[in-house]
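Protein chains get the first letters and strands the later ones, always in sequence-line order, with residue 1 at the start of each. Note that this is a predicted model, so its numbers are computed, not measured.
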Amino acid sequence: MSKKYILEMFPYPSGNIHMGHVRNYVIGDICARYHKLKGDKVIHPMGWDAFGLPAENAAIQFKTHPQDWTLQNIKNMKDQLQKLDLDLDWDREIATCNEDYYKHQQELFIDLYNAGLAYKKDALVNWDPIDQTVLANEQVIDGKGWRTGAEVEKKNLSQWFFRITDYAEELLTGLDNLSLWPEKVKTMQKNWIGKSIGAEIKFEISGSTDFLNIFTTRPDTIYGATFIAVSINHKIVSSSLDKKSIKDIKNTFASISNEKEKYGIKLNVNCKHPILDKEIPVYIANFVLDTYGEGAIFGCPAHDERDFEFANKYSLPIIKVVECKDTELPYTGDGKVINSPLLNGLEKKDAIEKIVSYFKKEGIGNEKINFKLRDWGVSRQRYWGCPIPVIYYEDGSYRVLDKNELPVLLPYNVNLEGKGNALLKKEDWRKITCPKKNKIAFRETDTLDTFVDSSWYYMRFLNNKLNIPFDSKQIDNLLPVDKYIGGIEHAILHLLYSRFFMKALRDIYGFNVDEPFKQLFTQGMITHKTFKTSNNEWVMPKEVVSKNGTLIRLKTKEVIKEGPCEKMSKSKKNVIEPDEILNSYGIDATRIFMISDSPPDRELEWTEEGIQSSKNLIHRIERYFAKEKSIIQKDVEKNIEKFVNDIEKNILNFSLNKCVADIYTLFNYLEKTKSYLHDSNLSKKILTCIFPILPKLSLSINNNLFKSNNIDIWPKVNLDLIKDDKIILPIQVKGKLVTTIDTNKDYLEEEILKSIYKLDKIKKKLLDRKIIKIINVQNKIINIITN
RNA sequence: GCGCCAGUGGCGGAAUGGUAGACGCGCUGGUCUUAGGAACCAGUGGGCAACCGUGGGGGUUCGAGUCCCUCCUGGCGCACCA
C-alpha cells in the first residue's frame, strides 16, 4: 500500500468560497478518491490560511474583531465546502490563527534563529504618514496609500529576515529534480533566484586607500571600461556629498518621467583602472540598482546597451574590446577580444578565465556568483498575525525567547481604531518583566508575514494534534506531498518559501526530505462573459436577455454590449455563486462541469450550456442504469475495459477533460448497442470508474442496483482484452491517404499488398506509375511510393 | 526589450511522427410526448467535384498539427539584475 498525500492550497477564509476554489478542490478530490479506490493510504487535508490583512480591514469597516470575523468566515466556508461533499480529512483541519498552530510556528522561529537563519536588520517599508502605518506593496497604488491617498514614504525600520539566500544555490539546482512541476513555474523561480556567474573587481579610488567593489558578468571587457556608475544609496555617495544634495538628486531621479531614461551626476571622485594606467570618472546613475551586486558597475559602453546610452549622453569614450563592426555598437554578443593586451585574440569564455586568474594573482578581484534573490523580510507591522517571540530591553538589546517561554499569545482586547499597530498601543501586553533577567522588557510588536504560516502547514497536517510542530519520522514517511494543486499566482513566493522551509528544517531536524511538493499542478482560472451598458456600467449576465438579436437589460430595457470573457470578479459583476449552482444543478453536475470544457490547467469558461449539459449527462447515466437488462453484446466487455484503461490514464495525467470524453464515449457506445448490463460485474466496474468524478451519482445507482453503500475497488485492467485483432489500415500513395482497408492484425505484407492492388481507388492512383518503394509500418500504415 | 507558452471547424477542445477534428457545445432536419433546464434518430471543416484544409513562408521525412529555421498574432512572466 503506498501513501498518497494530495493537497490543495488552503484558502484564505474570506467568508465565501468562489468558483475558483470549487475547481481547485474538485480536481484534488478526484485524485484523492481515485487513489482511495486504488487502495492507497490517502492523506487529503484542508485548513485555513487565517491570518492576514483583510481581517483587520474588516474589523475597521464592520466593527468586528479580526478573530471573530475570521472564525465566523471559517465556519461559513467549511459549511460551503461540506456541501460540495469533498472527501477531505476534516480531523486534520488547522487554522493558522489558532494558538495551537502559531505557537509551534514560534518554536520554528526560535529554531531558525538558533540556526543562524533568522536575523535583524534595517529595511525600508512603505509608510503611510496619515494612518501612521506600514503598507503592503499591494496597498500602495500609484505611490499613494490605498485608503488615505497620502503620498507613501519609504521608512527605515529594524526588521526580521530569514536567510533564504543561504539556500539560493540549492533552491535553484533543486528545480532540476522537480520533473513533475510545470516548466513555467520552474522558469519563473529560476529567474527570481537569478544566478549570475561573474567576477568581483576592486577599483581603487584615486587619492585614497579606499576602493569600490564592482560585480560584473563581463570581466573580459575590462579594457573597455570608461566610467563607473553607482547607485544613489552607495556609501561613496554619502561620503562625498552632503545630505541636502543627495536628497536633491533623489528628487531629480524621481522626477524623470521616462523610467528608462539615463541620468547621472558626476562625482568629484575618480577611480584607477585596475589594469591600465588611467583614471575613470565616477557617476551617480539612476539606472544602477542598489539592491543588486555591489550597487556599482563599471561602464563598458561598446558592449552594453545601457552603458552605451549613458556614455553617449555624457560624451564618455567608447572603446571597442570585442571584435565587431562599428555599426553594430553596442555589441553584446560573443567574439574575439581586441584592444586588450592580456586577452587579445581570445574567445569570451577563455578571456574571462584568463582575466579572472590575473585579478586573483594581483589581488584585485575574484570569481563571484551573484543572486537576485534577497533575504526574506518577515516582519509585518500588523496585529493579526503570529507574534514574533522576541523581547527588547530598555537599552535596545533584545532576546529571542526560549521554547519554554512560549506561547506568546496574541492579545484579544486591542484597539484597532485609529493610527498605528494595535500591538504597539497595547501597553499591558507589551510591557513585561523578563523572567530571566528580572528587568523591564517590551515584546516585539511586529508579527510574521503570513507566507511563513503557509510555508510549513503541509507538515502540520500530518499530525495536527501533536504538542511539538511535527514528528520527524512522519515527515520522512509521509512527505513530500505527492500532488499539490493550486493557482499559478503562487508560482514564486509561496512555493519558494515552502521549499526554503523544507530545506532549512531538514537541516535543523535532520529529516530526509528535500522538497515539499513532488508534483505541482496549477489549475486555470474560471472566466465568464461580461456585459456593459453604453455608460460602461457592468451588468450581471443574468440581467441580460437577447431580443431580436440585440442584448437588453431586463429591468431597464437598456441596450447592452457584450464584452470579452474575463476572470470572475465582483467589480465586473460576472461572478457565479457556487451555492446557487449547487442548489440548481447539484454537486455532481457542478463537479463534472469544472473539468469538462477545457484541460484543468487552462482557463474554463463558465457557460449555461456547459453546466446544463453536465446535468443532462447525469440524467442520462441515471436513465441508462434504470433500463431493463438486455443481452450483452460481444464487444461490451472490451469497450468497458478500454474505458477503465483510458479514464485511469487520464486521471493520472490530470487530463480530466478527457475523462469526461471517456464517459461520453462509453455511454454513447452502450446506448448505441443497447447494452444494458446493470447487475453484472461490468456495471460495478463502470460505477467504480465514474465514482471519483461523480461520487453521488455512482453511490446512488450502486445503492439502487446492489443495495450496497460500497463501491468496488479500482479494477485492474486486463490488457489482453483491449487488444484489437481486427484493424482499419490506412493506405497511402506517395504519403497521401487514398483509402483504408479492414484487415486482421499482424497481416502478412505480401498478402495484404495483393488485395490492396485490387482496389479501384488504388488502381487509379497507380495507373502509368512505377512503384518505387513500399513502406509498411506494421499495423499502422502502408505507404506506396511511386515515381 | 528579454524569457516562456500557445495559435487546429461557428465555439471549447482531441490527436506515442502514421486515417486531423475524439468528446462536448452550438446549429440543421426529423421523431415523440405528461411542452421539458427534456429525450431520441440523422447530419454537421470547406468545395458541385477533382480536391483543399491545423497562423504565414521555408526545411527535414516515405509521411509533419506534431521535429527544425523564420516571420506574424495572442497570452503570461520578468523588466535597467551589470
For a quick check of understanding: with a heavy-atom distance under 4.0 Å over all strands, which category does [X] fall into, base, sugar-phosphate or nothing?
X       : result
E605(A) : nothing
I785(A) : sugar-phosphate
S584(A) : base
K262(A) : base
E608(A) : base
N783(A) : base
I772(A) : nothing
N668(A) : sugar-phosphate
K195(A) : nothing

Please determine if a side-chain N or O atom of [X] lies less than 4.0 Å away from the OP1 or OP2 oxygen of [N].
X       : N      : answer
K184(A) : C78(B) : no
N657(A) : A14(B) : yes
Y292(A) : A82(B) : yes
K736(A) : C51(B) : no
T607(A) : C25(B) : no
N616(A) : A39(B) : yes
N776(A) : C62(B) : no
R602(A) : A14(B) : yes

Pairwise [atom1] distance, [M] and [N] [rounded to whole Å]:
N      : M      : atom1 : answer
G65(B) : G13(B) : C1'   : 14 Å
G75(B) : G55(B) : C1'   : 15 Å
C27(B) : G9(B)  : C1'   : 12 Å
C62(B) : G57(B) : P     : 23 Å
A20(B) : C5(B)  : C1'   : 23 Å
U28(B) : U60(B) : P     : 47 Å
C80(B) : C71(B) : C1'   : 28 Å
A14(B) : U66(B) : C1'   : 13 Å

Within 45° cone and under 6.0 Å: K202(A) NZ/CZ vs F211(A) ring
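Judged by the rule (NZ or CZ under 6.0 Å from the ring centre, within 45° of its axis), K202(A) counts as positioned above F211(A).
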Charged tip of K195(A) within 45° of F371(A) ring normal and under 6.0 Å:
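Judged by the rule (NZ or CZ under 6.0 Å from the ring centre, within 45° of its axis), K195(A) is not positioned above F371(A).
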Charged N to carboxylate O below 4.0 Å: is that the case for D724(A) and K638(A)?
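Yes, D724(A) and K638(A) are salt-bridged.
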Less than 4.5 Å apart, any side-chain heavy atom of I722(A) and any of V717(A)?
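The answer is yes; the side chains approach within 4.5 Å.
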Residues K529(A), E605(A); criterion salt bridge (charged side-chain N to carboxylate O under 4.0 Å, His left out); working and verdict
CA-CA 8 Å; K529(A) 271 188 212 158; E605(A) 186 187 339; 5.7 Å; no
Counting Watson-Crick and G-U wobble pairs only, both distances under 3.5 Å, name the nucleotide matched with A42(B), or none.
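With both distances under 3.5 Å, A42(B) matches U28(B).
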If you compare all heavy atoms of L729(A) against all heavy atoms of T743(A), which two are closest, and at what distance to 0.1 Å?
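Distance-wise, the nearest heavy atoms are CB-CG2, 4.0 Å.
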